[in-house]
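Report on one structure; see the data block that follows.
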Amino acid sequence: MGPGIAPSRSWVEAYSGMSADNVKGLVLALSSSFFIGSSFIVKKKGLKKAGASGIRAGVGGYSYLFEPLWWVGMITMIVGEIANFAAYAFAPAILVTPLGALSIIISAVLAHIILREKLHVFGILGCILCVVGSTTIVLHAPQERMIESVKQVWDLATEPAFLVYAVIVIAAVFVLIFYFAPQYGQTHIMVNIGVCSLVGSLSVMSVKALGIALKLTFSGINQLVYPQTWTFSIVVGICVLTQMNYLNKALDTFNTAVVSPIYYVMFTSFTILASVIMFKDWDRQNPTQILTEMCGFVTILSGTFLLHKTKDLSDGIVASSLPVRLPKHLDEDSFASEGIPLTRQNNL
């Protein structure tokens with residue numbers, strides 16, 4: 001041990017990039033990933049069971065609301081979201097949101113074991129890349145902005161730059177819901193996930209504002225008397241209900257191990273963009289830290305891309321281009337029953 005380092009200093013204190021609040025946010029985010037990753041599998045089984053005796057969610061049905069297994073998955077997700085909610089109150093979105101990659105790993109592994117959705121060897125490499133990228137971001141995350149009132153968050157949310165972003169997002173969501181979803185929602189995975197991701201970026205900003213308000217309230221500085229707190233609460237409620245509806249449609253229509261990584265990539269990208277615009281996270285970092293965080297994020301994207309592509313290979317979707325005749329029992333109906341839409345059927 002060098003003479004300039006005091007032996008009593010903890011590793012948190014020794015590394016200036018990891019504050020005590022960031023550590024709290026990290027622990028909460030990790031536990032959130034475990035619960036949310038597990039909930040994808042339980043909800044998927046509930047959706048399959050409900051679809052066998054009622055109208056599938058993918059075509060607009062809500063029979064899953066009467067399925068206990070789906071509610072178990074929903075409760076599991078709620079627990080994970082509560083932990084995630086608390087994480088945003090302590091740490092910046094750039095730290096918390098990318099850790100959702102761990103929920104992808106948990107979801108993919110459990111889908112392989114429980115749903116028999118095969119995980120290719122390169123999918124395992126994708127999981128490793130997600131862990132490496134997440135670790136890189138964690139170690140270089142910015143310090144949380146000091147907020148003393150929910151009014152400060154409201155001022156940040158009403159600045160011109162973020163207002164422009166919010167208007168663009170809302171307009172894009174309406175176009176996806178009312179124009180693209182009726183025509184392409186069953187054949188193009190990006191439609192429903194696009195709605196979830198865009199709405200999710202606004203949801204996270206409101207969740208963070210509400211989390212900060214509650215944290216200040218519990219510390220003795222009451223924020224419930226301000227109308228801004230309740231406005232953020234309403235926005236959270238609307239966004240969460242919208243996300244839940246369209247995520248259910250995506251899960252019921254497409255393969256779980258494909259939905260999870262694509263949703264993660266889009267949701268994380270839009271959330272980081274929204275956080276950078278609203279909270280100006282990168283204003284408190286030097287170019288080296290920003291570049292390192294982006295490298296970590298690209299590493300995570302590479303991991304999710306591998307998970308996506310190898311899942312396609314495992315399911316045999318790309319095999320249709322090969323000169324191999326499928327057995328008679330592996331017809332289009334059997335693929336459709338597994339929730340894998342065949343885009344080529346539009347050309348028949």
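Any value given below was found using the heavy atoms of this structure, including those in side chains, with hydrogens, waters and symmetry copies removed.
With Thr217 contributing its side chain and Asn222 its backbone, the two residues share no donor-acceptor pair below 3.5 Å. Using modelled atom types, one side-chain atom of Gln223 and one backbone atom of Val150 make a donor-acceptor pair closer than 3.5 Å. For the pair Ser206 (side chain) and Ser233 (backbone), a donor-acceptor distance under 3.5 Å is absent. Between the side chain of Ser201 and the backbone N or O of Leu198 there is at least one donor-acceptor pair closer than 3.5 Å. Side chain of Ser31 to main chain of Leu28: a donor-acceptor pair is present (N/O by atom type, distance under 3.5 Å, no hydrogens or angles). Judged by distance alone, the side chain of Lys43 and the main-chain N or O of Trp70 form no donor-acceptor pair under 3.5 Å. Judged purely by atom type and a 3.5 angstrom limit, Ser107 has no side-chain atom pairing as donor or acceptor with the backbone of Ser103. A side-chain donor-acceptor contact under 3.5 Å links Thr158 to the backbone of Trp154. A donor-acceptor contact shorter than 3.5 Å links the side chain of Lys208 to the backbone of Tyr88. A donor-acceptor pair under 3.5 Å is formed between the side chain of Ser39 and the backbone N or O of Ile36.
For the atom pair Cys196 SG and Leu251 CG, the distance stands at 8.5 Å (nearest 0.5 Å). Note that the NZ atom of Lys151 and the CD atom of Gln228 stand 6.0 Å from one another [nearest 0.5 Å]. Leu210 CG to Thr229 OG1: the interatomic distance, rounded to the nearest 0.5 Å, is 7.0 Å. With rounding to the nearest 0.5 Å, the separation of CD in Glu293 from OG1 in Thr288 is 11.0 Å. Expressed to the nearest 0.5 Å, how far CZ of Phe162 lies from CG of Leu202 amounts to 5.5 Å. Within the model, atoms OG of Ser275 and CD1 of Ile272 stand 8.0 Å from one another, a figure rounded to the nearest 0.5 Å.
Shortest non-hydrogen contact noted between Phe297 and Ser269 is CZ-OG, 3.3 Å. For Asn192 against Tyr246, the heavy-atom pair with the smallest separation is OD1-CD2, 3.4 Å. Nearest heavy-atom pair, Leu95 versus Ala141, reported as atom, atom and distance to 0.1 Å: CB-CB, 3.7 Å. Between Ile106 and Ser33 the shortest heavy-atom distance is CD1-O, 3.7 Å. Contact record, Cys239 with Ser203: CB-CB, 3.5 Å, taken as the closest heavy-atom pair. Smallest separation of non-hydrogen atoms from Ala157 and Leu163: O-CD2, 3.7 Å.
Taking 4.5 Å as the limit, every side-chain heavy atom of Leu247 sits out of range of all side-chain heavy atoms of Met244. You'll find the side chain of Phe90 stays beyond 4.5 Å of the side chain of Asn22, heavy atoms only. Contact check for Met278 versus Val153: side-chain heavy atoms found under the 4.5 Å cut-off. You'll find the side chain of Ile290 stays beyond 4.5 Å of the side chain of Asn286, heavy atoms only. Side-chain contact check for Phe218 versus Leu214: some heavy-atom pair is nearer than 4.5 Å. Using a 4.5 Å heavy-atom threshold, the side chains of Lys249 and Val191 count as separate.
Linking Ile, Leu, Val, Met, Phe, Trp and Tyr residues whenever their side-chain heavy atoms come within less than 4.5 Å places Val240 and Val173 in a single cluster. The cluster map of Ile, Leu, Val, Met, Phe, Trp and Tyr, joined by side-chain heavy atoms under 4.5 Å apart, puts Phe232 and Ile234 in different clusters. Hydrophobic clustering (side-chain heavy atoms under 4.5 Å, transitive across Ile, Leu, Val, Met, Phe, Trp, Tyr) keeps Val235 apart from Ile212. In the hydrophobic clustering of ILVMFWY residues, with side-chain heavy atoms under 4.5 Å counting as a link, Ile193 and Phe254 come out together. Hydrophobic cluster membership differs between Val72 and Leu110, with clusters built from Ile, Leu, Val, Met, Phe, Trp and Tyr side chains linked at under 4.5 angstrom.
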(request) Dump the intermediate steps for side-chain contact (heavy atoms from CB on, under 4.5 Å) on Asn84 and Glu81, then the final yes or no. (result) CA-CA 5 Å; Asn84 199 46; Glu81 292 295 349; 3.9 Å; yes

(request) Carefully, step by step, assess Thr136 and Thr299 under the rule side-chain contact (heavy atoms from CB on, under 4.5 Å). (result) CA-CA 9 Å; Thr136 302; Thr299 302; 5.9 Å; no

(message) Show, in sequence, the C-alpha distance, side-chain angles and deciding distance for Val204 and Phe267, and conclude whether the side-chain contact (heavy atoms from CB on, under 4.5 Å) test is met.
(response) CA-CA 10 Å; Val204 168; Phe267 170 73; 3.4 Å; yes

(message) Applying side-chain contact (heavy atoms from CB on, under 4.5 Å) to Ile300 and Ile137, what does each step give before you reach the verdict?
(response) CA-CA 10 Å; Ile300 295 175; Ile137 291 177; 3.9 Å; yes

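A perpendicular orientation is assigned to the rings of Tyr184 and His188, their planes being inclined by more than 60° (bins at 30° and 60°).
Side-chain polar atoms of Gln243 and Tyr263 form a donor-acceptor pair below 3.5 angstrom. With 3.5 Å as the limit, one finds no donor-acceptor pair spanning the side chains of Ser149 and Tyr226. Side chains of Gln289 and Trp282: no donor on one and acceptor on the other come within 3.5 Å.
Put simply, the residue from Ile277, Thr271, Leu156, Val236 that forms a side chain to side chain contact (heavy atoms under 4.5 Å, CB included) with Met205 is Thr271.
Within a 6.0 Å sphere centred on CD of Glu148, other residues, nucleotides and ligands contribute 12 heavy atoms or fewer. The environment of NZ in Lys215 is crowded: more than 12 heavy-atom neighbours from other residues, nucleotides or ligands sit within 6.0 Å.
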